[in-house]
Enquirer: 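Can you read through this structure? Questions will come right after.
Note that these values count all heavy atoms, side chains included, but never hydrogens, waters or copies made by symmetry. Just so we're on the same page: letters track the sequence lines, and every chain starts at 1.
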2 protein chains.
Amino acid sequence: MNRRRHPDTTPTTVTGSSAETHRAPTVHDVATRAGVASATVSNVLTGRRPVRPELRERVHAAILEIGYQSNQLASSLRLRRSNTIGIVVPDLTNPFFAALVHRIEDLAARDGYDVLLAGSNEDETREAARLQTLLARRIDGLILAPARDELPESFASRPGMPPTVLMDRGFGHAGFDTVTIDNAAATSAGCRHLLELGHRDIALVVSSLSLANMRERATGYRETLAAVGLGARALVVEAGFDVDACHDAIVAALRAPSAPTAIFAANYVATLGSMKAIRGLSLDFPRRISLLGFDDTDWMTVLEPHLSVIEQPVASIAEASWRLLRMRLRTNGEDHEHLRLPCNLVVRASTRAPSGAFRAVDREMSAP
Amino acid sequence: MNRRRHPDTTPTTVTGSSAETHRAPTVHDVATRAGVASATVSNVLTGRRPVRPELRERVHAAILEIGYQSNQLASSLRLRRSNTIGIVVPDLTNPFFAALVHRIEDLAARDGYDVLLAGSNEDETREAARLQTLLARRIDGLILAPARDELPESFASRPGMPPTVLMDRGFGHAGFDTVTIDNAAATSAGCRHLLELGHRDIALVVSSLSLANMRERATGYRETLAAVGLGARALVVEAGFDVDACHDAIVAALRAPSAPTAIFAANYVATLGSMKAIRGLSLDFPRRISLLGFDDTDWMTVLEPHLSVIEQPVASIAEASWRLLRMRLRTNGEDHEHLRLPCNLVVRASTRAPSGAFRAVDREMSAP
DNA sequence: CTGAAAGCGCTTACAG
DNA sequence: CTGAAAGCGCTTACAG
């Protein structure tokens with residue numbers, strides 16, 4: 001190949017500044033090295049305008065020689081576009097959210113976006129603060145699993161608020177794309193499964209009814225019971241957001257005079273808390289008590305008996321969220337989509353007929 | 001309060017640009033609104049230089065009125081400091097790494113740093129690519145749990161590489177702070193526990209011996225066996241990085257003629273895989289086979305029997321990593337720290353004496 | 001196809 | 001204590 005020397009190629013070291021601070025090379029450095037204008041360097045880098053092959057070669061060579069690396073901060077400032085999205089979730093320690101983040105990060109990366117991650121710890125104030133710093137960094141978009149459903153009034157119209165999709169919580173919120181599951185259908189299916197098994201006293205465990213998704217899960221459950229005339233036996237226990245609190249609430253429910261024969265945990269933490277309560281009380285499981293969990297996880301098939309669960313379509317939720325956000329990143333229309341994804345009832349071994357077929361309905365006629 | 005009108009306060013709307021694009025307000029907008037220079041706005045914002053109270057008031061009022069929000073992109077460019085760190089982990093789906101990220105994000109946020117998250121999927125190539133984009137965003141620091149221990153030669157001296165702490169893997173690497181656990185001590189303690197119980201055939205399950213932490217865990221195990229003259233019975237199975245592969249490898253080991261009486265899983269995935277294998281084979285657990293796991297997780301005390309484990313000090317690892325990085329962010333000295341944190345042996349119910357005291361040593365004299 | 005110049009929104013010498 | 005100006009490192013009209 002015919003390498004030719006370019007005129008007035010200055011040495012790599014930047015003149016002027018003392019040798020003290022070693023600055024990263026810039027387009028300008030590349031340009032002088034290659035003997036072209038910095039605009040030309042930018043043009044070969046972005047490919048936005050065609051550049052004569054020979055110059056292009058020289059630019060590429062110069063980039064390699066001086067180890068140039070584009071500064072996205074400058075580019076973002078100029079372009080008013082950071083190629084960064086924010087993801088804010090209540091708790092990364094919850095495998096449901098961890099899986100969501102994992103998947104979205106992967107998808108975003110494929111499309112050239114980096115992700116700024118923040119955890120809200122289920123706390124509205126912390127969420128607002130974390131969000132604030134993400135906005136200051138000019139994220140192009142946001143995927144948020146909000147700590148509360150009722151976003152502050154100011155939220156949607158907040159200056160600098162980028163296109164946002166609400167995930168898992170805040171469903172149907174005007175001004176946002178939202179994706180969640182069909183909560184009522186999920187608990188209804190779960191409840192029917194338990195009813196078919198013969199259960200009459202089924203307790204539903206939710207984190208907090210202040211969350212719309214939990215209210216919907218409670219509704220699906222209540223309506224299903226009501227439909228078979230068991231509405232009066234509905235028992236919804238609000239068990240909070242951490243495993244220990246859940247455990248305590250469930251132990252209390254199980255010790256009550258008319259203890260349920262089945263527990264339907266309506267989220268991951270409740271599932272774990274329920275298992276702890278059942279173990280702690282040394283109940284005969286699943287004979288004395290059935291458990292239907294929520295959110296499928298690796299360990300659930302390692303438990304004996306394997307846990308029956310309502311499985312949320314985590315991959316689909318992540319994919320839909322990213323797809324919606326990416327669309328909105330391209331063209332920010334006014335029509336917002338509200339997606340409901342269906343769940344799967346996975347029947348394994350932790351749900352079975354209560355001991356004594358009509359035990360709960362008519363205790364005295366139950367066989368041992 | 002005595003609100004007075006400032007002279008030549010122009011209306012909020014920026015003149016010049018068409019009403020089309022609604023730009024976010026800038027320091028300049030605040031300045032004209034407050035009737036001061038933009039330098040003054042910057043000074044009240046950063047507090048770098050004192051500003052007369054009256055002007056300060058006017059600036060604050062203007063900020064509120066026009067809803068100004070600082071652009072960190074511009075600030076970072078100017079300051080050459082992004083207040084952002086990168087975290088790169090092999091797999092966010094692994095609760096060990098999820099917990100680490102969760103904790104570090106929290107600590108970093110307290111100190112005013114946002115985190116750019118990337119997953120490498122245990123893949124060196126992907127890791128390099130993701131890292132590349134983080135560097136382009138001029139992260140101030142990096143916390144990396146590398147996919148491979150042997151970082152590319154170019155890594156440390158890579159242009160634009162910020163202060164970096166290596167976590168979990170890559171221990172002792174020159175040019176980096178590193179924090180990991182005392183791997184050999186951890187497996188040694190675990191192994192001794194199993195020996196004391198009477199086990200003689202103990203299989204150690206690692207992901208891959210290409211990882212130094214796994215090699216160290218294998219060494220601690222081998223030496224402990226050797227010390228009691230059982231070196232020849234050491235069995236290290238390399239089971240890979242996903243649960244299914246682990247499961248298969250362990251099933252094979254358990255089916256071999258001289259099957260172990262105890263499995264020592266040397267990481268989270270191996271623990272899960274071992275449990276699956278034990279369940280799948282319907283072994284009498286923990287009577288026929290003991291299991292000592294690694295990385296304590298919520299669900300492990302919900303299993304029956306509760307899992308005995310080597311518990312990594314996740315919170316301490318996260319805190320140490322952040323502390324080291326933050327120090328280096330302030331003063332980038334040449335002296336790198338290499339931290340080894342101790343693990344905890346948590347004895348629960350999944351490890352117990354093999355059925356028949358000398359079963360493994362002398363099969364024919366073992367009682368049923 | 002190429003280059004000189006302006007500007008993205010900040011912050012920091014520098015001169016009052 | 002305050003302000004006008006320069007510059008961080010890019011990219012994009014604009015004029016050749």
Enquirer: Does a nitrogen or oxygen in the side chain of A:Arg48 sit under 4.0 Å from OP1 or OP2 of D:dT12?
Expert: yes
Enquirer: Given D:dT11, is OP1 or OP2 found less than 4.0 Å from the side-chain N or O atoms of A:Arg80?
Expert: no
Enquirer: Which pair of heavy atoms, one from B:Glu127 and one from B:Ala147, lies closest together, and at what distance?
Expert: OE2-N, 2.7 Å
Enquirer: Between B:Asn71 and B:Leu73 (side chain of the first, backbone of the second, donor and acceptor by atom type, cut-off under 3.5 Å), is there such a pair?
Expert: yes
Enquirer: Considering non-hydrogen atoms only, spot the tightest contact between A:Asp335 and A:Arg328 and give its length.
Expert: O-NH2, 2.7 Å
Enquirer: It should be established whether B:Thr40 places a side-chain nitrogen or oxygen under 4.0 Å from OP1 or OP2 of nucleotide D:dT2.
Expert: no
Enquirer: Reckon B:Ser76 touches a base, only the sugar-phosphate, or nothing at all at heavy-atom distances under 4.0 Å?
Expert: nothing
Enquirer: Rounded to the nearest angstrom, tell me the gap between atom CD1 in A:Ile66 and atom P in D:dG9.
Expert: 12 Å
Enquirer: How would you label the contact of A:Leu45 with the nucleic acid (heavy atoms, under 4.0 Å): base, sugar-phosphate, or nothing?
Expert: nothing
Enquirer: Please determine, for the side chain of B:Ala74, which listed nucleotide (C:dG9, C:dT11, D:dC10) has the closest atom?
Expert: C:dG9
Enquirer: Measure from the side chain of A:Leu77, starting at C-beta and using heavy atoms only, and say which of C:dG3, C:dC8, C:dC10 lies closest.
Expert: C:dC8
Enquirer: Per the atom types in the model, does the base of D:dG3 pair as donor or acceptor with the side chain of B:Arg49 at under 3.5 Å?
Expert: yes
Enquirer: Which residue, B:Arg78 or B:Leu55, contacts DNA chain D at a nucleotide closer to its 5' end, judged by nearest heavy atom?
Expert: B:Leu55
Enquirer: In this structure, how many angstroms lie between the P atom of C:dC8 and the CD atom of B:Gln72, rounded?
Expert: 18 Å
Enquirer: Under 4.0 Å from OP1 or OP2 of C:dC1: is there any side-chain N or O of A:Arg56 that close?
Expert: no
Enquirer: Under 4.0 Å: is that the gap between some side-chain N or O of A:Ser42 and OP1 or OP2 of D:dT11?
Expert: yes
Enquirer: Quick check on D:dC10: is either OP1 or OP2 less than 4.0 Å from any side-chain nitrogen or oxygen of A:Ser75?
Expert: no
Enquirer: To check you understand the geometry: which heavy-atom pair defines the closest contact between B:Leu166 and B:Arg169, and what is its length?
Expert: CB-O, 3.7 Å
Enquirer: Starting at atom CZ of B:Arg58, determine the distance to atom P of D:dC1, rounded to an integer number of angstrom.
Expert: 16 Å
Enquirer: To the nearest Å, give me how far apart CZ (A:Arg81) and P (C:dG9) are.
Expert: 16 Å
Enquirer: Calculate the interatomic distance between A:Glu54 atom CD and C:dT2 atom C1'; express it in whole Å.
Expert: 13 Å
Enquirer: Base, sugar-phosphate alone, or nothing: which one does A:Leu73 contact when heavy atoms must sit under 4.0 Å apart?
Expert: nothing
Enquirer: If I take atom CD in residue A:Glu57 and atom P in nucleotide C:dC1, what distance separates them, rounded to the nearest angstrom?
Expert: 15 Å
Enquirer: To the nearest Å, how far apart are B:Asn71 CG and C:dG9 C1'?
Expert: 6 Å
Enquirer: Side chain to side chain contact (heavy atoms under 4.5 Å, CB included), that's the test. Do A:Val165 and A:His336 meet it? Break it down for me.
Expert: CA-CA 9 Å; A:Val165 359; A:His336 294 278; over 6 Å; no
Enquirer: Over all strands shown, is A:Leu79 touching base, sugar-phosphate only, or nothing at heavy-atom distances under 4.0 angstrom?
Expert: sugar-phosphate
Enquirer: Please give me the minimum heavy-atom distance between A:Ser82 and A:Asp140, naming the atom from each residue.
Expert: N-OD1, 3.0 Å
Enquirer: Whole angstroms only, please: what is the NE2-P distance between A:His28 and D:dT11?
Expert: 15 Å
Enquirer: Once you apply the 3.5 Å cut-off to both distances, tell me the Watson-Crick or G-U wobble partner of C:dC14, or none.
Expert: D:dG3
